Colleague: 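Pasting in a structure now, in structure tokens, and then I'll have a few things to ask.
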Amino acid sequence: MEKKKYEVTVKTAEGSCNTSLFKKMASKGDITATKIQEVVGKVVKITGYALCHIVTDEKEFDMGYYATDDGILSTGSEVFADSVLDYIGEVDLFKIVSIKTKKGTTYKVSPILVDEESGEVIE
């Protein structure tokens, strides 16, 4: 039986995804992640991310993995990656949103503002 090709290159990793265990799991295809489409509208705390390049027998693509307080999320959306990179470290909570583009629907995060004195979410 011929082994299928599955190669992962972690291009960048930060926070809770910047560990040898996460990188080992990614290289073996052992990341169990929820697709971003399934959590649109949910507010999550993002604790880390890893942007990966994946090559299989059938295709080659980029995938982002985002560690949250509710498990790992995955998406290939560059818009999502850009929005996380823009705000991570400045805010802890993000709302997952979908947006319409010329190419269809994509996803991004919207930062949730929290009052520094009271700790309450600003709506």
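Every value quoted in this text rests on a predicted model; they were computed, and no experiment measured them.
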Colleague: Just verifying a value: how many Å separate Met25 CE and Cys17 SG, rounded to the nearest 0.5 Å?
Modeller: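 So the gap between those two atoms works out to 9.5 Å.
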Colleague: Should Lys5 and Val55 count as side-chain neighbours, where that means a heavy-atom distance under 4.5 Å?
Modeller: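 Yes, close enough: below the 4.5 Å cut-off.
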Colleague: With heavy-atom distances below 4.5 Å as the criterion, would you say the side chains of Lys23 and Asn18 are in contact?
Modeller: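 Lys23 vs Asn18: side chains touch.
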Colleague: What pair of heavy atoms forms the shortest contact from Ser16 to Thr47, and how long is it?
Modeller: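 That would be OG-OG1, 2.8 Å.
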Colleague: Between Thr68 and Lys45, is there a side-chain heavy-atom distance shorter than 4.5 Å?
Modeller: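 Side-chain contact under 4.5 Å: no.
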Colleague: Atom OG of Ser77 and atom CG of Asp82: how far apart are they, to the nearest 0.5 Å?
Modeller: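 Atom-to-atom, Ser77:OG and Asp82:CG are 8.0 Å apart.
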Colleague: Name the atoms and distances for all side-chain donor-acceptor pairs under 3.5 Å in residues 58-65, with sequence neighbours left out.
Modeller:
residue, atom, partner, partner atom, Å
Glu60, OE2, His53, NE2, 2.8
Asp62, OD1, Lys11, NZ, 3.4
Asp62, OD1, His53, ND1, 2.7
Asp62, OD2, Lys11, NZ, 3.4

Colleague: If you count every heavy atom of other residues, nucleotides or ligands that lies below 6.0 Å from Glu78 atom CD, does the total exceed 12?
Modeller: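 Result for CD/Glu78: open.
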Colleague: Hydrogens and angles aside, do Thr105 and Ser98 bring a side-chain donor and acceptor to less than 3.5 Å of each other?
Modeller: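 Their side chains do not contain a donor-acceptor pair, so the 3.5 Å distance test is not met.
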Colleague: Roughly how far, to the nearest 0.5 Å, is the CD atom of Glu38 from the OG1 atom of Thr75?
Modeller: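 Taking OG1 in Thr75 and CD in Glu38, the distance rounds to 11.5 Å.
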Colleague: With side chains defined as the heavy atoms from C-beta onward, is the minimum distance between Lys95 and Val43 less than 4.5 Å?
Modeller: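 Answer yes - side chains close enough.
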Colleague: Share the residues that join Leu85 in a hydrophobic cluster, the rule being Ile, Leu, Val, Met, Phe, Trp or Tyr side chains under 4.5 Å apart at the heavy-atom level.
Modeller: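 Its cluster partners, ordered by chain and number, are Ile36, Val39, Val40, Val44, Ile46, Tyr49, Leu51, Tyr66, Leu73, Phe80, Val84, Tyr87, Ile88, Val91, Phe94, Ile96, Tyr107, Val109.
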